[in-house]
Amino acid sequence: MPAPPAAPLAQVVPLTPVDGVYTYRVPPEMDAEAVAGARVVVPFGRRTLTGVVVERFGDDDLDPETAPKLKPLYDVLDARPAVPADLLALTKWVADYTLCTWGEALKAALPSGTGVESRRVVHGLAPPDAWDEPRGRKVLRALQERNGAGLPVAQVAGVLGRKTVPQNLLRRLEAAGAVRLDDEVQEARARAKTARHLRLATPPAGGNSRTVRGARQTALLEHLAGVGEGGAVQAEAFAATGATSSTVKSLEARGLVEAFDAEVERRADGLDGPAPEAAPPVDLHPAQEAATDAIAGAIRAGRGGTFLLHGVTGSGKTEVYLRALRAALDKGKTAIVLVPEIALTPQTVRRFRAPFGDAVAVLHSRMSPGERLDAWTRIRDGRYPIVIGPRSAVFAPLDNLGVIVVDEEHEASYKQFDPAPRYHARDVAVMRAHRAGAVCVLGSATPSLESVANANAGKYTRLEMPDRVPVRGPDGTTHAPAPLPPVRVIDLGREKQVRRLKGALSHDLRLAIEARLGRGEQTILLQNRRGYAPVVTCEDCGWTPTCTDCAVSLTVHRDRYGKLSDQLRCHYCGLTERLQPACPECGERDLRLLGQGTQRVEEEIAEVFPEARVLRMDLDTTSRKGAHRKILDRFGRGDADILLGTQMVAKGLDFPRVTLVGVVDADTGMLLPDFRASERTFQLLAQVAGRAGRHELQGEVLLQTRNPDHAAIRFALAHDFHGFAHVEMAERLALGYPPYGRLVGVEVKGPEQRSTEALAERWGVALGQEAQKVAGVEVLGPAPALVGRVKKWWRYHLLVKAPRTLPPSVLAAVVRAVRDRVGAPGGHRVNLDVDPVGLY
DNA sequence: AGCACGCCGACT
DNA sequence: GTCGGCGTGCTC
């Protein structure tokens, strides 16, 4: 009999949007495993679900109120805690900061699809005609059609075409024995995978390897001798040696080889595979040297700190990251590298795997749940000291963290919106590093104004790399880089008057492209709008097609069959319909297509330069798995002259023969009613401009705009980040926007306009009342969202604004008070977004 | 977020 | 009277 546990109780946080920590009894046999950080299966109300143990304690200080309600843990899912202690604390911080539950934050830190959940399910036991009431027959018929598979209770409402579950009817059916109600437990979808392995028998029983006959048997034995006790996956051993199952059978019979099942790691193809060969070390440029010294010095000294690494495109930030990782590894510490999802390309991964090889684990969204689980488990077990991935990788279960790198820290994709937690991975990275005594490196050519402000305030150490560094060509020789490319503005307004511009490409841009075609150089064209034309309108009556479910006009998409098969698509809900050749209102056949999408620019290029080979890269051409990579590979091989696409062509690409970058319409997004519109435009222009002339060939950038005097354009022209930041900061200060103010966005949604608007009003009033209690807090709105209706749901926005000096917890308390008081009654939804990044 | 309960008006 | 909608409260 084992001694009863000293701490027989466990505090558990269920992985749901339910607030609070719940106490369970720990059965003695689970005592050793149900430690803080372990995932456990618990009964919760009528359901069974997965939670995380956050604390163990004894029953001496149990309050008598909860004591009688205690239930036991059903199961422990982890032999080793899934959530290390520092991540327990970090997720709690994330929950408090972003106004979600601890359970939601923990869920973000765990691989998806590995928990257990239950739901109420009805099983039919009697045929429909055994019941004489129509509604009961209908339910029984539906159950019969499912062949005993069972129907979730929540779906019974739908079967009868009503909104609520007919509890009464179900109870009567159950009492009569016509149905059975069950709590059906859904096991984890993703599990560890095992495969048959082979190894040499120890000690070799019976036979003796000298008696072995045949090349295959000998080859297999040699192979297995080389892999040691861990054995080899049978299928791989067969492939390597030509052995077959009969080879194994005869060796097994003689006791020379034994087979066993063991876990294998599923690996994502493309981004993974064997490590590339390490490139010889490069000499650091003085600015890189200084940055490396500062960062690596802090890592070696173990003193932590956040660094803002501001380096122009091509200044060699990645090399600095690699040195930082090296410093961490040399100290026996681990590291995380965050990259924007779109930049997580094979090219990027190769860069990190070259020097560190098999020490690098990659996490990314295109991995299957199984692959992700395998990578995650091995990271937790200490197999990989370096993790590279998108925002969720900030929660990678690494111990002993030395450094977190956030590449392109200004990228909006670091902010998660749905589902909660609405966290910013950069901010979580800074906090996680800080708590771990680790170093955080925020790198960008165009840092966010938030980070600039933190550097100005002395919270971050600023490191500047203002020059491009020498590059190594494919042949191994290094050469001086071209300077940052000159940027030229083409005023489309003037162009229209003077040269009667018809399409999307101005005379000068055409000339520039033509010159590249003539010299065999490459061009990148940015048109940040997909489809053919954003709007259609009837020449005669002004009719414009709009989405039935969303408050937006439909975009025209044209496929390779041309105009006759034109489609209308909603970019918010995906609705697709045929564009009819005549106006449905007045019958006019002259429909005008307004504006330019990537498809239309592609068509124009084909007309003007029929010989040019064009690759289009946008959401529509990259939705298939691997398509993104294929396009970039082709362009990189020189199999195309022009890469045309949306913002995805602006990020982190490095092609030596690109000497021209053209921005077809720099104004896209610039005039949106969002205080960050100008910052985003400047960042996009600076990033895309950085794609030109990165190697020895001098590059050139052409920006087409109707607003040549706009600050984003003017400073992008001069590659002047500091100038832009200065002007934009003044603007933010005047308006009290970040980084000089704190914001919480409130999004009120509902299926019906009046009630949604009314609820938004109630939130406005309640927020106003709460805001009065705290100096400096202001409420803006409610106002209809920019897109006032999406997928049939109406949307209203409010914005709570507070001075930077107000502690985030105080502002959070204001909003939380209103959530408790007003909430989201009657089928509405209210989303709270702390530090919003999107449109408000 | 589920899930169940209990209160209301609208029909047979 | 029941049924269906909806608001409310609870989950160790």
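For the numbers below, each heavy atom of this structure counts, side chains included, while hydrogens, waters and symmetry mates do not. Within every chain, numbering begins at 1; the chains are lettered A, B, ... in the order of the sequence lines, protein sequences first and strands thereafter. Source: prediction; values computed, not measured.
The A/Gln167 side chain lies nearest to B/dA4 when the options are B/dA4, C/dG4, C/dC12. With B/dC5, C/dC12, C/dG4 as the candidates, the nucleotide lying closest to the side chain of A/Arg171 is B/dC5. Closest approach to the A/Pro17 side chain among C/dG5, B/dA1, B/dC3 is made by B/dA1 (side chain taken as heavy atoms from C-beta onward). For A/Leu70, taking side-chain heavy atoms from C-beta onward, the closest of the listed nucleotides C/dC3, C/dC12, B/dA4 is C/dC12.
Among the atoms of the strands shown, none is found under 4.0 Å from any heavy atom of A/Gly827. Using a 4.0 Å heavy-atom distance criterion, A/Arg46 is classed as a sugar-phosphate-only contact. Residue contacts shown for A/Pro166 are absent, as no nucleic acid heavy atom lies under 4.0 Å away. In this structure, A/Arg25 reaches neither bases nor backbone, as no heavy-atom distance under 4.0 Å exists between it and the strands shown. Counting any heavy atom pair closer than 4.0 Å across all strands shown, A/Phe44 reaches a base atom.
A/Leu49 has its CG atom 10 Å from the P atom of B/dG2, to the nearest Å. Between the CD atom of A/Glu133 and the P atom of C/dT2 there is a distance of 12 Å, given to the nearest Å. One interatomic measurement links the two molecules: CZ of A/Arg47 to P of C/dC10, which rounds to 16 Å at whole-angstrom precision. Nucleotide C/dC12 holds its P atom 19 Å from the CD atom of A/Glu55, rounded to whole Å. We find that CG of A/Asn168 is positioned 16 Å from P of C/dG1, with the value rounded to whole Å. The NZ atom of A/Lys71 sits 8 Å away from the C1' atom of C/dT11 (whole-angstrom rounding). We find that CG of A/Leu106 is positioned 17 Å from P of B/dA1, with the value rounded to whole Å. Atom NZ of A/Lys69 and atom C1' of C/dG9 are 12 Å apart (whole Å).
Taking the charged nitrogens against the carboxylate oxygens, A/Arg795 and A/Glu747 do have a contact shorter than 4.0 Å, which makes a salt bridge. We find that A/Arg25 and A/Asp59 are not joined by a salt bridge, their nearest charged nitrogen and carboxylate oxygen being 4.0 Å or further apart.
Using a 4.0 Å cut-off, some side-chain N or O of A/Thr164 falls inside it from OP1 or OP2 of C/dG5. Distances shown here put every side-chain N or O of A/Arg119 at or beyond 4.0 Å from the OP1 or OP2 atom of B/dA1.
Relative orientation of the A/Tyr414 and A/His424 rings is tilted, given thresholds of 30° and 60° on the angle between their planes.
If A/Lys163 and A/Tyr22 are placed on DNA chain C by their nearest nucleotide, the residue sitting closer to the 5' end is A/Lys163. Of the two residues contacting DNA chain B, namely A/Arg829 and A/Val165, the nearest-nucleotide position lying further toward the 5' end is that of A/Arg829.
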*asked:* Does A/Asp86 form a salt bridge (Lys or Arg N to Asp or Glu O under 4.0 Å) with A/Arg435? I'd like the steps, not just the answer.
replied: CA-CA 8 Å; A/Asp86 69 315; A/Arg435 288 165 167 271; over 6 Å; no
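Both cation-pi conditions hold for A/Lys801 and A/Tyr737: the charged atom is under 6.0 angstrom from the six-membered ring centre and inside a 45 degree cone around its axis.
Partner of A/Lys791 under the side-chain contact (heavy atoms from CB on, under 4.5 Å) criterion, chosen from A/Cys547, A/Cys570, A/Cys573: A/Cys573.
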